[in-house]
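All remarks here apply to the structure that follows.
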Amino acid sequence: MPFFSCLPYRTFPTELLHRIIVQVIADSVHTICVSPENVDWEMNVFPTFCKVSYNFRALTLEIMKQAFRSQPTSEDISRHVTFDRCRRLFPPIAKQFERLRLFGNRLYRPTRSRSHFDPEADDALLIFGYSLFLSALDLRYNSIRAPSRDFQIAQEISISALSLSLAICPKVRPVGLADVLSDAMQNQMDLVQSGLDAVRTAETLDSLMKEWTEMEQYKSKDENVEVRKSENLAKIRDQIEELEKVYEAYAFIIESDSIFQTSELPNVLPVVKKLQEMEVDGQRLFAASVERLFERWTATPCFPTELDS
């Protein structure tokens with residue numbers, strides 16, 4: 001008798017297997033939404049798991065029932081029926097995945113994809129959460145070339161959509177299925193907020209430099225004017241330091257983001273260039289800090305090149 005036939009049959013504990021399947025499904029749905037690569041495996045994650053073994057099929061069908069409102073029968077889960085018995089359960093979920101995929105393509109093929117997402121009554125809560133997430137990403141992407149004020153309004157709307165989607169996550173069943181979405185949304189909220197802070201700081205700097213120029217043109221030696229000029233320079237210095245801090249936070253978050261890069265934020269680079277030209281008594285102001293800012297905010301490319309079909 002072969003040695004291996006003498007060993008006792010072992011399998012994963014049901015709880016551990018369930019957790020693994022939930023995690024892989026969560027990763028698959030996220031990949032379907034945001035990856036520019038081929039996602040055929042992820043699109044077929046449910047039938048793939050159902051083909052592995054009886055235990056995989058039983059747990060996968062239970063997850064489908066909880067998360068996607070599938071209606072497997074006791075016969076579907078029976079050890080005595082084949083995989084073909086379950087095929088009717090997959091098309092409704094596949095259609096939800098396909099709609100998300102088309103909508104997600106807007107992030108990488110904006111000039112080719114005009115798809116939008118219309119929620120349907122049978123959509124899973126997870127699918128609805130991802131539709132809000134993708135809407136927020138799409139809004140962030142498309143507002144990047146807008147004027148500063150319009151950009152700020154768009155980012156505030158984006159934060160609202162992300163907040164709503166984040167509130168949905170704890171309601172998704174089974175527990176853990178929305179963890180990847182929750183983490184991605186929190187990351188996007190941090191990214192949007194830090195980008196918003198950068199644009200607002202640049203706007204404040206621009207206003208302070210205009211005030212300085214007006215006072216310089218006044219050519220008055222009045223003591224009050226000199227005090228105001230000193231206060232103005234101190235505020236400019238503080239805002240430069242703030243913009244450096246914002247960059248650190250923004251760059252840290254954006255390392256894993258492929259949708260847009262730091263140099264795309266509206267009005268930031270033009271303001272930094274104005275700082276480079278600003279002189280006080282014939283000397284460039286805060287030269288080292290300004291040069292460092294300029295290098296950082298120009299260190300990354302613009303939009304990623306659209307992927308080939």
Between Ser35 and Glu42, is the side-chain contact (heavy atoms from CB on, under 4.5 Å) condition met? List the steps.
CA-CA 11 Å; Ser35 175; Glu42 288 79 6; over 6 Å; no
Can you measure from CG (Leu132) to OH (Tyr130) and round to the nearest 0.5 angstrom?
12.5 Å
Verdict with reasoning, Asp238 to Glu241, per side-chain contact (heavy atoms from CB on, under 4.5 Å)
CA-CA 5 Å; Asp238 291 343; Glu241 292 176 357; 4.3 Å; yes
About how many Å separate CG of Leu205 and CE of Met278, when rounded to the nearest 0.5 Å?
9.5 Å
If the plane angle is over 60° it's perpendicular, under 30° parallel, otherwise tilted; pick one for Phe97 and Phe68.
perpendicular
Hey, does the side chain of Thr60 reach the backbone of Arg57 with a donor-acceptor pair shorter than 3.5 angstrom?
no
CG-SG distance between Leu59 and Cys50, expressed to the nearest 0.5 angstrom
10.0 Å
Asp40 and Asn44: side-chain donor and acceptor closer than 3.5 Å?
no
Can you confirm whether more than 12 heavy atoms, excluding those of Arg19, are under 6.0 Å from its CZ atom?
no
Is Ile157 linked to Leu166 within one hydrophobic cluster, defined over Ile, Leu, Val, Met, Phe, Trp and Tyr using a side-chain heavy-atom separation of less than 4.5 Å?
no
Non-hydrogen atoms of Met185 and Leu162 that approach each other most closely:
SD-O, 3.8 Å
Answer yes or no: is there a side-chain heavy-atom contact under 4.5 Å between Ile236 and Leu275?
yes
Is there a donor-acceptor contact under 3.5 Å linking the side chains of Ser230 and Glu226?
no
Answer whether the closest heavy-atom distance between the side chains of Pro174 and His18 falls below 4.5 Å.
yes
Side chains of Asp150 and Ser143: closer than 4.5 Å at any heavy-atom pair?
no
In the structure I gave you, are the side-chain heavy atoms of Asn55 and Thr14 within less than 4.5 Å of one another anywhere?
no
Name the one of Glu248, Glu244, Glu291 that satisfies salt bridge (Lys or Arg N to Asp or Glu O under 4.0 Å) with Arg296?
Glu248
Look at the side-chain heavy atoms of Ile, Leu, Val, Met, Phe, Trp and Tyr, link any pair under 4.5 Å apart, and say whether Leu265 and Ile153 land in one connected group.
no
In terms of heavy-atom contacts, Ser158 and Leu139 come closest through N-CD2, 3.8 Å
Walk me through whether Asp197 and Glu242 qualify under side-chain contact (heavy atoms from CB on, under 4.5 Å).
CA-CA 9 Å; Asp197 291 343; Glu242 183 62 28; 5.8 Å; no
Could you check whether any side-chain N or O of Ser165 sits under 3.5 Å from a backbone N or O of Gly129, counting only pairs where one atom can act as donor and the other as acceptor?
yes
For the side chain of Ser194 and the backbone of Asp190, is there at least one donor-acceptor N/O pair under 3.5 Å apart?
yes
Residue pair Leu243 / Val272, side-chain heavy-atom distance below 4.5 Å:
yes
Quick check: is Leu125 connected to Val175 through a chain of hydrophobic side chains (ILVMFWY, heavy atoms under 4.5 Å apart)?
no
Can you tell me if Arg284 has over 12 outside heavy atoms packed within less than 6.0 Å of its CZ?
yes
Which is it for Arg99 and Asp123 under the side-chain contact (heavy atoms from CB on, under 4.5 Å) test, yes or no, and what are the steps along the way?
CA-CA 11 Å; Arg99 287 163 55 226; Asp123 283 344; 2.8 Å; yes
If every non-hydrogen atom of Arg101 is compared with every non-hydrogen atom of Val39, which pair is closest and at what distance?
NE-CG2, 3.6 Å
Can you name the nearest heavy-atom pair linking Phe103 to Ser131, along with the distance?
CE2-O, 3.7 Å
Do Ser70 and Phe90 come close enough that some side-chain heavy atom pair is under 4.5 Å?
no
Any donor and acceptor pair, going by atom type alone, linking the side chain of Asn232 with main-chain N or O of Leu208 inside 3.5 Å?
yes
Heavy atoms, side chains only, cut-off 4.5 Å: are Ile25 and Phe49 in contact?
yes
Audit row: Ser182, Gln186, side chain to side chain donor-acceptor pair (under 3.5 Å) steps and yes/no
CA-CA 6 Å; Ser182 178; Gln186 190 59 62; over 6 Å; no
Quick check: does any side chain N or O of Ser207 sit under 3.5 Å from a backbone N or O of Glu203, one acting as donor and the other as acceptor?
no
Linked, directly or transitively: Leu126 and Val22 (ILVMFWY side chains, under 4.5 Å):
yes
Using a cut-off of 6.0 Å, state whether more than 12 heavy atoms not belonging to Asp183 lie near its atom CG.
yes
State yes or no: do Val227 and Val225 share one hydrophobic cluster built from I, L, V, M, F, W and Y residues joined by side-chain heavy-atom distances below 4.5 Å, directly or via other members?
no
Atom CZ of Arg200 and atom CG of Asn267: how far apart are they, to the nearest 0.5 Å?
13.5 Å
Are any non-hydrogen side-chain atoms of Phe133 and Val34 less than 4.5 angstrom apart?
yes
Val180 versus Ala26, closest heavy-atom pair with distance:
CG2-CB, 3.9 Å
About how many Å separate CD of Glu279 and CD of Glu216, when rounded to the nearest 0.5 Å?
10.5 Å
Does any N or O in the side chain of Gln96 come within less than 3.5 Å of the main-chain N or O of Ala124, such that one atom is a donor and the other an acceptor?
yes
How many angstroms lie between atom CG of Leu134 and atom CG of Leu100, to the nearest 0.5 angstrom?
6.5 Å
Does a side-chain N-to-carboxylate-O contact under 4.0 Å join Glu211 and Arg228?
no
